[in-house]
Student: 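Quick one: the structure is below, and I'll ask about it shortly.
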Amino acid sequence: MRLIFIVFLLSFALPAWAIELMSAPDARKAVQAGEIILVDIRTPEEWRETGIADVAMPITMHNNQFLSRLQTAIDENPGKKIAFICAVGGRTEYVTRELKKRGYSNLIDVSEGMLGSANGEGWIKRGLPIKQIAP
């Protein structure tokens with residue numbers, strides 16, 4: 001009975017949309033281990049400016065086909081968690097929260113982003129590999 005009460009109380013400790021956070025290096029390792037897919041949700045202009053993580057797939061959130069493209073990536077990678085990266089973590093927080101509201105699960109926010117934030121140095125500054133996107 002006591003355990004049920006503790007679990008009940010803990011259910012109020014975190015917001016319903018709480019999402020797992022992951023560092024850039026850990027995200028890269030998880031992709032390489034086949035545990036997650038990493039989706040770069042920035043704009044195509046940002047991709048061309050900085051490149052994208054070498055293990056990421058570019059699916060911009062700024063396109064009205066974002067959800068269908070994301071669903072295709074999910075369907076092609078059954079059982080894998082979905083991690084999102086943007087420039088500094090703001091958009092990934094928004095996208096993961098909205099997807100959670102729509103019933104998606106197994107979401108990860110690489111909240112330090114490509115450029116760094118209060119959550120970490122970022123993919124680029126850490127010297128992690130990037131690949132260029134054709135113009």
Side-chain angles (χ1 to χ4, degrees):
M1 181 68 166
R2 187 175 194 178
L3 179 59
I4 293 171
F5 181 70
I6 291 170
V7 170
F8 175 76
L9 287 178
L10 288 175
S11 69
F12 292 103
L14 294 173
W17 53 265
I19 302 293
E20 180 181 349
L21 300 179
M22 186 175 280
S23 72
D26 288 343
R28 186 166 192 277
K29 288 176 192 169
V31 172
Q32 292 176 316
E35 299 166 357
I36 69 170
I37 61 171
L38 179 62
V39 178
D40 189 321
I41 61 172
R42 297 176 300 150
T43 66
E45 293 78 19
E46 290 173 291
W47 298 334
R48 286 189 292 274
E49 183 179 315
T50 65
I52 68 171
D54 67 325
V55 294
M57 60 179 63
I59 305 176
T60 181
M61 68 177 277
H62 303 282
N63 181 299
N64 61 3
Q65 294 192 358
F66 173 70
L67 285 178
S68 65
R69 290 179 179 166
L70 178 63
Q71 190 59 54
T72 298
I74 291 169
D75 293 344
E76 291 173 353
N77 295 278
K80 293 184 182 180
K81 292 183 177 183
I82 312 302
F84 298 95
I85 192 166
C86 65
V88 297
R91 286 173 281 185
T92 55
E93 180 181 355
Y94 170 78
V95 165
T96 54
R97 184 175 55 234
E98 290 302 312
L99 289 172
K100 184 84 169 178
K101 287 179 188 176
R102 293 174 186 236
Y104 286 82
S105 60
N106 296 321
L107 306 173
I108 299 170
D109 181 352
V110 182
S111 60
E112 66 187 88
M114 292 296 289
L115 305 178
S117 72
N119 294 317
E121 294 180 273
W123 194 281
I124 294 169
K125 192 170 185 178
R126 287 180 181 271
L128 296 170
I130 60 170
K131 62 185 175 186
Q132 296 302 315
I133 297 293

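This structure is a prediction, so every number in the text was calculated from the model and none was measured.
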Student: Please examine the side chains of Asp54 and Arg28, heavy atoms only from C-beta on, and report whether any two atoms are closer than 4.5 Å.
Tutor: yes

Student: Identify the heavy atoms of Ala27 and Val110 that sit nearest to each other, and give their distance.
Tutor: CB-CG2, 3.8 Å

Student: Taking all atoms of both residues into account, what is the closest heavy-atom pair of Leu38 and Ala53, and its distance?
Tutor: CD2-CB, 4.0 Å

Student: Same hydrophobic cluster for Met22 and Ile19, using side-chain heavy-atom links shorter than 4.5 Å among ILVMFWY?
Tutor: no

Student: Can you find a heavy atom in the side chain of Leu115 that is under 4.5 Å from one in the side chain of Ile124?
Tutor: yes

Student: With clusters defined by side-chain heavy atoms of hydrophobic residues (ILVMFWY) lying less than 4.5 Å apart, directly or transitively, does Ile36 cluster with Leu21?
Tutor: no

Student: What pair of heavy atoms forms the shortest contact from Pro25 to Glu112, and how long is it?
Tutor: CD-OE1, 4.4 Å

Student: Is it the case that the side chain of Ser117 and the backbone of Ser111 share a donor-acceptor pair, with hydrogens and angles ignored and the cut-off at 3.5 Å?
Tutor: yes

Student: Which atoms form the tightest heavy-atom contact between Arg48 and Ile133, and what is the distance?
Tutor: CG-O, 3.9 Å

Student: With the 4.5 Å side-chain cut-off for hydrophobic clustering, are Ile74 and Phe66 part of the same group?
Tutor: yes

Student: Quick one: pull up CD in Glu121 and OG in Ser23 and give me the separation to the nearest 0.5 Å.
Tutor: 10.5 Å

Student: Is any side-chain heavy atom of Tyr94 less than 4.5 Å from a side-chain heavy atom of Met61?
Tutor: yes

Student: Report yes if the side chains of Glu76 and Ile37 come closer than 4.5 Å at any heavy-atom pair, otherwise no.
Tutor: no

Student: For residues Ala87 and Arg91, report the shortest heavy-atom separation together with the two atoms involved.
Tutor: CB-NH2, 3.5 Å

Student: Is there side-chain contact between Pro44 and Thr60, with heavy atoms separated by less than 4.5 Å?
Tutor: yes

Student: Tell me whether Lys125 contacts the main-chain N or O of Gly120 through its side chain, where contact means a donor paired with an acceptor under 3.5 Å.
Tutor: no

Student: Are Leu99 and Ile108 joined in one hydrophobic group, where the rule is that I, L, V, M, F, W and Y side chains link up if heavy atoms are under 4.5 Å apart?
Tutor: no

Student: Decide, yes or no, whether a salt bridge links Arg102 with Glu98 under the criterion of side-chain N to carboxylate O below 4.0 Å.
Tutor: no

Student: Testing the 3.5 Å rule here: is there a donor-acceptor pair between the side chains of Thr50 and Arg42?
Tutor: yes

Student: What do the steps show when you test Arg69 against Met57 for side chain to side chain contact (heavy atoms under 4.5 Å, CB included), and what is the final call?
Tutor: CA-CA 11 Å; Arg69 290 179 179 166; Met57 60 179 63; over 6 Å; no

Student: Are Leu107 and Ile59 grouped together when hydrophobic residues (ILVMFWY) are joined by side-chain heavy atoms under 4.5 angstrom apart?
Tutor: yes

Student: Test your reading of the model: is there a side-chain donor-acceptor pair from Trp123 to the backbone of Pro129, 3.5 Å cut-off?
Tutor: yes

Student: On a heavy-atom basis, which atom in Gly89 and which in Asp109 lie closest, and how many Å separate them?
Tutor: O-OD2, 4.3 Å

Student: Do Thr96 and Ile82 have side-chain heavy atoms sitting under 4.5 Å apart?
Tutor: no

Student: Establish, from distance only, whether the side-chain atoms of Thr43 and Glu46 form a donor-acceptor pair under 3.5 Å.
Tutor: yes

Student: What distance separates Lys131 NZ from Trp47 CH2, expressed to the nearest 0.5 Å?
Tutor: 10.5 Å

Student: Side-chain contact, heavy-atom cut-off 4.5 Å: Met114 with Ile85?
Tutor: yes

Student: Do Val95 and Tyr104 touch side chain to side chain, with heavy atoms closer than 4.5 Å?
Tutor: no

